[in-house]
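Working notes, beginning with the structure itself.
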2 protein chains.
Amino acid sequence: MKDVKTEKCPDTQACPVAITVDVIGGKWKAKILYNLISGPKRFNELGRLMPATTKRMLTLQLRELEQDGIVHREIYREIPPKVEYSLTSFGETLKPILYLMRDWGEMYEKEVLLKRKNSENV
Amino acid sequence: MKDVKTEKCPDTQACPVAITVDVIGGKWKAKILYNLISGPKRFNELGRLMPATTKRMLTLQLRELEQDGIVHREIYREIPPKVEYSLTSFGETLKPILYLMRDWGEMYEKEVLLKRKNSENV
DNA sequence: CAGAATCCAGGCCGATACTG
DNA sequence: CAGTATCGGCCTGGATTCTG
């Protein structure tokens, strides 16, 4: 399972936003994190909240978030198995960014989609 | 030149952060935008600020930002040619997010790199 | 200077099947 | 339920060359 490294910017030191992009800029990471703000979620629960993703991608992105100390993985030894993902206290420091991203999305989504419609005739 | 579409999330409507990720989540977009905050920049000037990118990628990402109405492209008819990129007023609405991303990066970069070091021995 | 066009390797990521 | 393993298509994106 060596795949999707998401190593994005060699010259991280030069650009202070680079490391942040590297941590939350994965294909699904911001969405995963946003969904975790409201509380811990089980694996399939996250999958249901993000129908467009696959179990594979969900796993890979969660593993990277775990390695970066953003997300905690709690395993309950039960039958059937139960695993809960939650934000670590370090992950919580990303909440302001996630909230701003949510607000911007809510505010300007229509405008973006409109601009894209208009530039379709190229 | 049909390439690098960066179309990321089909179920945009379900997740308010999705559209934001779609707009600034490209490989270089946040870095480009951050570099434009301090004022308009010429094409090669941006290239010099981000040595790890190629002209090709820079062009592609700038075009997408242009289509989304985030970046303005001003062409000066001179010899040699001069093109300046700047944030539109719409693009300026992203500044709070970019600032937070910069702040987070400056604050926690070392911590992230450390966590990655530690999880190397897997 | 500011790109566009073409080529093409490598890797992202979806699909599918399998496991404890 | 919560994953892992493997295969393979196709897209990403680097290198190079060419233009106004």
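Below, chains carry the letters A, B, ... as their sequence lines are ordered, and counting in each starts from 1.
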Closest to the [X] side chain: [options]?
X	options	result
B:Arg56	D:dG14, C:dC13, C:dA4	D:dG14
A:Asn44	C:dC1, D:dA2, C:dC13	D:dA2
A:Met57	C:dG3, D:dT4, C:dG14	C:dG14
A:Arg42	D:dA2, C:dA2, D:dT6	D:dA2

Tell me the interatomic distance from [X], atom [atom1], to [N], atom [atom2], rounded to whole angstroms.
X	N	atom1	atom2	result
A:Leu62	D:dT4	CG	C1'	15 Å
A:Gln61	D:dT4	CD	P	14 Å
A:Glu64	C:dG11	CD	C1'	14 Å
B:Leu60	C:dA2	CG	C1'	14 Å
B:Phe43	C:dG3	CZ	P	5 Å
A:Met50	D:dA2	CE	P	15 Å
A:Leu58	C:dG14	CG	P	11 Å
A:Glu66	D:dA2	CD	P	15 Å

Contact under 4.0 Å: [X] side-chain N or O vs [N] OP1/OP2:
X	N	answer
B:Thr54	D:dG14	yes
B:Tyr85	C:dG3	yes
B:Lys27	D:dG14	yes
A:Lys55	C:dC18	no

Which ones in residues 68-81 of chain A lie close to DNA chain C, meaning a heavy atom under 4.0 Å from one of its atoms?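 Hits under 4.0 Å, by residue number: A:Pro81.
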Salt-bridge contact B:Lys95-B:Glu92 (side-chain N to carboxylate O under 4.0 Å):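 Salt bridge flag = yes for B:Glu92 with B:Lys95.
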Not counting sequence neighbours, which residues clear ring pair (Phe, Tyr, Trp, His ring centres under 6.0 Å) with B:Phe90? List them please.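 Once residues adjacent in sequence are excluded, the partners of B:Phe90 under the ring pair (Phe, Tyr, Trp, His ring centres under 6.0 Å) criterion are A:Trp104, A:Tyr108.
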What pairs with B:Leu114 under side chain to side chain contact (heavy atoms under 4.5 Å, CB included), at least two apart in sequence or on another chain?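 Once residues adjacent in sequence are excluded, the partners of B:Leu114 under the side chain to side chain contact (heavy atoms under 4.5 Å, CB included) criterion are B:Asn118.
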Heavy-atom donor-acceptor pair, [X] side chain to [Y] backbone, under 3.5 Å:
X	Y	answer
B:Thr20	A:Met101	yes
A:Asp22	A:Ala18	no
B:Gln61	B:Trp28	yes

Could you give the side-chain donor-acceptor pairs of residues 74-84 of chain B under 3.5 Å, partners two or more places apart or in another chain?
unit_1	atom_1	unit_2	atom_2	d
B:Glu74	OE1	B:His72	NE2	2.8
B:Tyr76	OH	B:Glu84	OE1	3.3

Listed by chain and number, what are the side-chain hydrogen bond (donor to acceptor under 3.5 Å, both in side chains) partners of B:Ser38, not counting sequence neighbours?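 B:Ser38 satisfies side-chain hydrogen bond (donor to acceptor under 3.5 Å, both in side chains) with B:Lys41 only.
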In the structure I gave you, are the side-chain heavy atoms of A:Lys110 and B:Ile19 within less than 4.5 Å of one another anywhere?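 A side-chain contact under 4.5 Å is absent here.
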Based on the rotation axes of five pairs at each end, what angle does the helix from C:dC1-D:dG20 to C:dG20-D:dC1 bend through, to 10°?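 Terminal axis comparison yields 50°.
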Measure the spacing between OG1 of B:Thr53 and CG of B:Leu58 and express it to the nearest 0.5 Å.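 So the OG1 of B:Thr53 and the CG of B:Leu58 are separated by 5.5 Å.
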